[in-house]
Protein chains: 2
Amino acid sequence: MAEGKRPADFDLEQFLPYLLNQAAEATSKSFHATYKATYGMTRTQWRVLANLGKFGSMTARDICLISHIEKTKVSRAVSGLEEDGLLSRATSPQDRRAEILSLTERGREVFADLGQRALAYDMALRAQIGPEMAAQLDGLLRRIIADGPAGGGED
Amino acid sequence: MAEGKRPADFDLEQFLPYLLNQAAEATSKSFHATYKATYGMTRTQWRVLANLGKFGSMTARDICLISHIEKTKVSRAVSGLEEDGLLSRATSPQDRRAEILSLTERGREVFADLGQRALAYDMALRAQIGPEMAAQLDGLLRRIIADGPAGGGED
DNA sequence: CAGTAATAGTTGCAATCGCAACCAAGTCAA
DNA sequence: TTGACTTGGTTGCGATTGCAACTATTACTG
């Protein structure tokens with residue numbers, strides 16, 4: 001057989017997980033700076049806030065399921081947000097292990113503020129790559145996320 | 001004005017940075033398990049190794065520039081890889097601050113092994129979403145990465 | 001009902017990260 | 001040359017992570 005090229009050399013720059021990661025970091029960075037500077041929030045805190053802002057009230061478990069964040073991470077983010085007075089907990093009457101989380105008035109304000117900014121940021125991002133392309137990208141990403149690890153593995 | 005919908009509520013699930021991050025994590029996870037289990041490497045170590053595997057020899061600085069990884073992260077990854085006998089350093093004759101990094105024989109072996117696996121993993125991933133779609137995704141991601149933060153900002 | 005297994009959430013600890021401060025070497029200008 | 005500035009790389013340290021162990025509560029199962 002030909003001696004020219006070996007069985008295709010691996011190139012990090014073509015590796016999908018790497019590209020995704022780079023893109024994720026590139027796009028997260030600037031917005032991360034926003035909520036960190038303005039409200040001293042971590043990424044997980046921002047995500048928990050966003051989920052609560054969207055869904056109203058839910059348990060930590062729900063947040064884990066929806067956003068695929070480790071439960072310890074959620075737990076600590078919740079503590080942080082509570083300390084900052086952005087959310088409150090209430091033991092569920094049905095299940096006294098579970099705590100129903102909801103945003104406080106202030107939490108809703110912060111969510112409204114950051115939500116707007118995020119929206120603007122997102123639109124700018126999408127404008128950059130073109131709206132149709134962005135829509136397509138959306139679909140692809142969702143598929144990747146849904147399919148889980150290659151091969152449809154479980155974990 | 002209409003009272004129906006407010007100025008569009010923010011939805012995390014539609015937020016591009018979030019989607020990218022989810023996709024990145026979903027796709028990284030399983031491969032991360034591979035190099036961690038097999039060689040006890042961290043992600044940064046794997047990336048440094050991959051860069052050296054591709055480019056032959058380079059300085060830590062080069063790696064930083066190419067892969068946008070923090071220099072402290074690179075520094076520690078390099079130490080780790082050196083300890084494990086996968087790479088060696090040599091002070092640059094031109095600039096005695098700089099160290100020229102190159103893979104050892106063993107390092108090249110490991111790269112060959114992981115490179116193959118990564119290639120296979122990547123192909124499986126691409127097969128899942130369809131080859132043309134994958135190619136398109138590639139382009140979009142590269143654009144996002146290149147453009148940097150929305151608005152073409154610098155940092 | 002006792003007894004075991006699952007589940008919601010927290011905590012401890014070791015490893016990792018990010019940022020600032022820090023050396024050591026190189027550059028540039030007077 | 002000397003002194004101010006830049007640059008390659010490392011180190012210290014507080015904050016964040018991930019994983020395993022743990023508490024409290026609920027759900028099964030005989």
Side-chain angles (χ1 to χ4, degrees), chain A residues 21 24-26 28-33 35-37 39-48 51-52 57-84 87-102 155, chain B residues 21 24-26 28-33 35-37 39-48 51-52 57-84 87-102 155:
Chain A
N21 205 358
E25 264 173 38
S28 295
K29 203 167 201 172
S30 130
F31 193 64
H32 175 262
Y35 53 69
K36 179 168 181 185
Y39 300 106
M41 278 198 276
T42 68
R43 176 143 69 195
T44 310
Q45 287 181 339
W46 150 242
R47 286 191 185 169
V48 168
N51 273 295
L52 285 172
S57 296
M58 60 201 312
T59 67
R61 178 173 170 279
D62 295 332
I63 296 180
C64 290
L65 289 179
I66 290 178
S67 56
H68 306 124
I69 310 180
E70 291 275 326
K71 61 178 182 172
T72 60
K73 235 163 131 183
V74 171
S75 172
R76 293 195 242 247
V78 165
S79 301
L81 289 172
E82 190 187 28
E83 252 175 47
D84 296 346
L87 71 71
S88 61
R89 324 183 191 212
T91 308
S92 160
Q94 285 85 39
D95 183 344
R96 283 187 326 201
R97 289 170 302 182
E99 294 190 317
I100 297 174
L101 310 169
S102 16
D155 187 355
Chain B
N21 205 359
E25 263 173 38
S28 297
K29 202 167 202 172
S30 131
F31 193 65
H32 175 262
Y35 53 70
K36 179 167 182 185
Y39 299 107
M41 278 198 278
T42 67
R43 175 142 73 194
T44 309
Q45 287 181 340
W46 149 242
R47 286 191 184 168
V48 168
N51 273 296
L52 286 172
S57 296
M58 60 201 313
T59 66
R61 179 174 169 278
D62 295 332
I63 297 180
C64 289
L65 289 180
I66 290 177
S67 56
H68 305 125
I69 310 181
E70 291 274 325
K71 61 180 182 172
T72 62
K73 235 163 133 182
V74 171
S75 173
R76 293 195 243 245
V78 166
S79 302
L81 289 172
E82 190 186 30
E83 251 175 48
D84 295 346
L87 71 72
S88 61
R89 325 183 191 210
T91 309
S92 161
Q94 286 85 40
D95 184 342
R96 283 187 328 201
R97 287 169 304 180
E99 294 190 316
I100 298 175
L101 310 170
S102 17
D155 188 356

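Lettering follows sequence order; numbering is per chain, from 1.
When the nucleotides C/dG9, C/dG18, C/dT10 are ranked by their closest atom to the side chain of B/Lys73, C/dG18 comes out on top.
Taking atom CZ of A/Arg96 as the reference point, atom P of C/dT7 lies 20 Å away to the nearest angstrom. One atom, CZ of A/Arg43, and another, C1' of C/dC17, lie 12 Å apart when rounded to the nearest Å. Following rounding to the nearest Å, B/Gln94 (CD) and C/dT27 (C1') show an atom-to-atom distance of 16 Å. In this entry the distance linking CZ of A/Arg89 with P of C/dA8 reads 16 Å, nearest Å.
Checking A/Pro93 against B/Ala98, the closest nucleotide of DNA chain D that is more toward the 5' end is the one next to B/Ala98. In this structure, B/Thr42 and A/Ser75 both approach DNA chain C, and ranking their closest nucleotides by distance from the 5' end singles out A/Ser75. Mapping B/Val78 and A/Asp95 onto DNA chain D by nearest heavy atom places B/Val78 closer to the 5' end of the strand.
Remark: B/Thr59 engages B/Asp62 in a side chain to side chain donor-acceptor pair (under 3.5 Å) (not counting sequence neighbours). Partners of B/Ser28 by side chain to side chain contact (heavy atoms under 4.5 Å, CB included), not counting sequence neighbours, listed by chain and number: A/Pro17, B/Arg43. Partners of A/Asp95 according to the side chain to side chain donor-acceptor pair (under 3.5 Å) rule, which considers only residues two or more places apart in sequence or in another chain, are A/Arg97. Residues meeting the side chain to side chain contact (heavy atoms under 4.5 Å, CB included) test with A/Asn51, sequence neighbours left out: A/Phe55, A/Met58, A/Ile63, A/Ile66, A/Ser67, B/Leu12. Judged as a side chain to side chain contact (heavy atoms under 4.5 Å, CB included), and not counting sequence neighbours, the contacts of B/Thr91 are B/Arg96. Under the rule for a side chain to side chain donor-acceptor pair (under 3.5 Å), A/Asn21 has no partner lying at least two apart in sequence or in another chain.
Nucleic acid contact class of B/Ser79 (heavy atoms, under 4.0 Å, all strands): none. Residue A/Ser92 is out of contact with every strand shown, counting any heavy-atom pair closer than 4.0 Å.
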Output a table of donor-acceptor pairs, distance under 3.5 Å, between side-chain atoms of residues 70-82 of chain A and any protein atom two or more places apart or on a different chain; print 'none' if there are none.
residue: A/Ser79; atom: OG; partner: A/Ser75; partner atom: O; Å: 3.1
residue: A/Ser79; atom: OG; partner: A/Arg89; partner atom: NH2; Å: 3.3
residue: A/Glu82; atom: OE1; partner: A/Arg89; partner atom: NE; Å: 3.0
residue: A/Glu82; atom: OE1; partner: A/Arg89; partner atom: NH2; Å: 3.2
residue: A/Glu82; atom: OE2; partner: A/Arg89; partner atom: NE; Å: 3.4

Checklist entry - For nucleotides 19-24 of chain C, read 5' to 3', which letter fits each nucleotide if B means a protein heavy atom sits under 4.0 Å from the base, S means only the sugar-phosphate is that close, and - means neither? => result BB---B
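Here the NE2 atom belonging to A/His32 is positioned 11.0 Å from the CD atom belonging to A/Glu25, to the nearest 0.5 angstrom. Taking OG from B/Ser57 and CD from B/Glu99, the interatomic distance works out to 13.0 Å, rounded to the nearest 0.5 Å.
Between A/Thr59 and C/dA8, a side-chain N or O to OP1/OP2 separation shorter than 4.0 Å is absent.
First and last contacting nucleotides of DNA chain D toward chain A (any atom under 4.0 angstrom from a heavy atom, 5' to 3' order): D/dT16 to D/dT26.
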